[in-house]
Number of protein chains: 2
Amino acid sequence: MSRTAKDRQVTDSQTNTVLSPYCRARDVLDRVGDKWSVYVITLLGDGTKRFSELKRDIHVITQRMLTVTLRGLERDGFINRTVYPVYPARVEYSLTPLGASLLDTLRALLTWSIDHVDRVDEARQHYDDAEPTDR
Amino acid sequence: MSRTAKDRQVTDSQTNTVLSPYCRARDVLDRVGDKWSVYVITLLGDGTKRFSELKRDIHVITQRMLTVTLRGLERDGFINRTVYPVYPARVEYSLTPLGASLLDTLRALLTWSIDHVDRVDEARQHYDDAEPTDR
DNA sequence: CCGGATCCCTGTAGATACTG
DNA sequence: CAGTATCTACAGGGATCCGG
């Protein structure tokens with residue numbers, strides 16, 4: 001469940017055959033969970049982009065958070081980072097095959113989310129409006 | 001981008017037609033991102049389960065975290081909570097149609113994750129082992 | 001005993017701002 | 001374009017207490 005390599009190889013003493021692979025899958029799910037990664041991957045699905053282009057496309061993201069996000073995605077092997085030694089500096093990002101593969105899977109979840117967010121919102125309001133004594 | 005209803009209806013002043021729906025989709029993606037929700041949904045995919053059954057199946061989860069997770073999923077309309085006024089207390093959880101629908105989409109991502117975690121781990125080690133001077 | 005609530009503590013994601 | 005420092009909010013966890 002943890003992020004460290006050491007904890008990840010925990011032997012599942014309870015002979016739970018499902019939990020263990022799930023724990024490892026969390027490494028990927030955590031990427032999906034963080035605020036900007038999915039969106040950056042989606043944008044790079046349209047092709048190679050510069051740092052400044054991404055910054056402009058998202059526009060509400062902090063410069064710092066874009067850097068952090070890109071570093072993480074590069075580390076996980078989802079994107080390539082190419083630096084052109086020119087002035088002013090030019091850095092381009094693009095999806096790796098692994099990243100493109102993830103994007104394919106992600107699109108399904110993304111469209112599901114967009115299609116059902118309204119229903120989730122309804123459920124939340126219904127839940128929040130209910131008498132606390134009901135529970 | 002935020003969790004509050006107020007912030008969610010931010011008017012996209014930059015005429016960015018993609019970012020806005022993505023922000024709303026985050027409400028769903030955040031569920032995927034949190035540590036136990038996906039696993040609980042998966043377990044409930046096999047059918048109705050009691051609190052104690054879920055606790056036993058996951059076994060490394062805290063009683064508190066299971067409660068918190070179930071509350072969140074119930075609030076979002078993904079699961080049903082049924083209390084039987086008996087002794088000892090009996091509470092059963094099951095997927096709603098919405099939850100079952102999400103699970104279908106989730107399975108694809110889950111299998112992708114499990115299939116590619118090794119490649120991600122490789123990428124990470126390669127990245128971490130590289131000379132910091134390379135960047 | 002079961003299911004949960006409540007208090008408290010910690011790590012860390014994310015933001016702001018400043019630097020080169 | 002990026003690195004660094006600092007701050008805050010909150011997710012996650014431990015322990016303990018509570019009502020049926």
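Here is the naming used below: chain letters follow the sequence lines, and residue numbers restart at 1 for every chain. Not measured: the values here are computed from a predicted model. Keep in mind that the numbers below use all heavy atoms, side chains included, and drop hydrogens, waters and symmetry copies.
- When atom types are taken as modelled, the side chain of B/H126 and the backbone of B/E122 share no donor-acceptor pair closer than 3.5 angstrom.
- For the pair A/M65 CE and C/dA17 C1', the computed distance is 15 Å after rounding to whole Å.
- No donor-acceptor pair under 3.5 Å is formed between the side chain of B/S37 and the backbone N or O of B/G33.
- Nucleotide D/dG19 holds its C1' atom 20 Å from the OH atom of B/Y84, rounded to whole Å.
- Separating the CD1 atom of A/I58 from the C1' atom of C/dA15 is a distance of 15 Å, rounded to the nearest angstrom.
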Report, one pair per line, the protein and nucleotides 1-4 of chain C atoms (nitrogen or oxygen only) whose separation is under 3.5 Å.
unit_1 : atom_1 : unit_2 : atom_2 : d
C/dC2  : O3'    : B/R50  : NH2    : 3.2
C/dC2  : O3'    : B/A89  : O      : 3.2
C/dG3  : OP1    : B/R50  : NE     : 3.2
C/dG3  : OP1    : B/R50  : NH2    : 3.1
C/dG3  : OP2    : B/S52  : N      : 2.9
C/dG3  : OP2    : B/S52  : OG     : 2.9
C/dG3  : N7     : B/Q63  : NE2    : 3.2
C/dG4  : OP1    : B/R81  : NE     : 2.9
C/dG4  : OP1    : B/R81  : NH2    : 2.5
C/dG4  : OP1    : B/Y93  : OH     : 2.8
C/dG4  : OP2    : B/Y93  : OH     : 3.1

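- Whole-Å rounding puts the B/D30 CG to D/dA9 C1' distance at 14 Å.
- The side-chain hydrogen bond (donor to acceptor under 3.5 Å, both in side chains) check on B/Y87 picks up nothing, with sequence neighbours excluded.
- Atom pair B/K55:NZ and D/dG14:C1' shows a separation of 12 Å (rounding to whole Å applied).
- Toward the 5' end of DNA chain C, the nearer of the two residues B/R64 and A/D34, judged by each one's closest nucleotide, is B/R64.
- A donor-acceptor pair under 3.5 Å is absent between the side-chain atoms of A/K49 and the main chain of A/Y93, judged by distance alone.
- A pairwise comparison of heavy atoms in B/G45 and B/L103 identifies CA-CD2, 3.5 Å as the closest pair.
- For CZ of B/R50, the number of neighbouring non-hydrogen atoms (other residues, nucleotides, ligands) closer than 6.0 Å is greater than 12.
- With rounding to whole Å, B/Y39 atom OH is found 17 Å from D/dG12 atom P.
- Exactly one of B/I79, B/L44, B/N80 qualifies for a side-chain contact (heavy atoms from CB on, under 4.5 Å) with B/S94. That residue is B/N80.
- Within the 4.5 Å cutoff, the side chain of A/R81 has no heavy atoms near those of the A/L70 side chain.
- Atom CG of A/L73 is separated from atom P of C/dA13 by 14 Å (rounded to the nearest Å).
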Subject >> Strand DNA chain C as a dot-bracket string - pairs counted if Watson-Crick or G-U with both distances under 3.5 Å, | where the partner lies in another strand >> reply: |.||||||||||||||||||

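- No donor-acceptor pair closer than 3.5 Å links the side chain of B/Y39 to the backbone N or O of A/Y22.
- Put simply, CG on B/L29 is 13 Å from P on C/dG14, counting in whole angstrom units.
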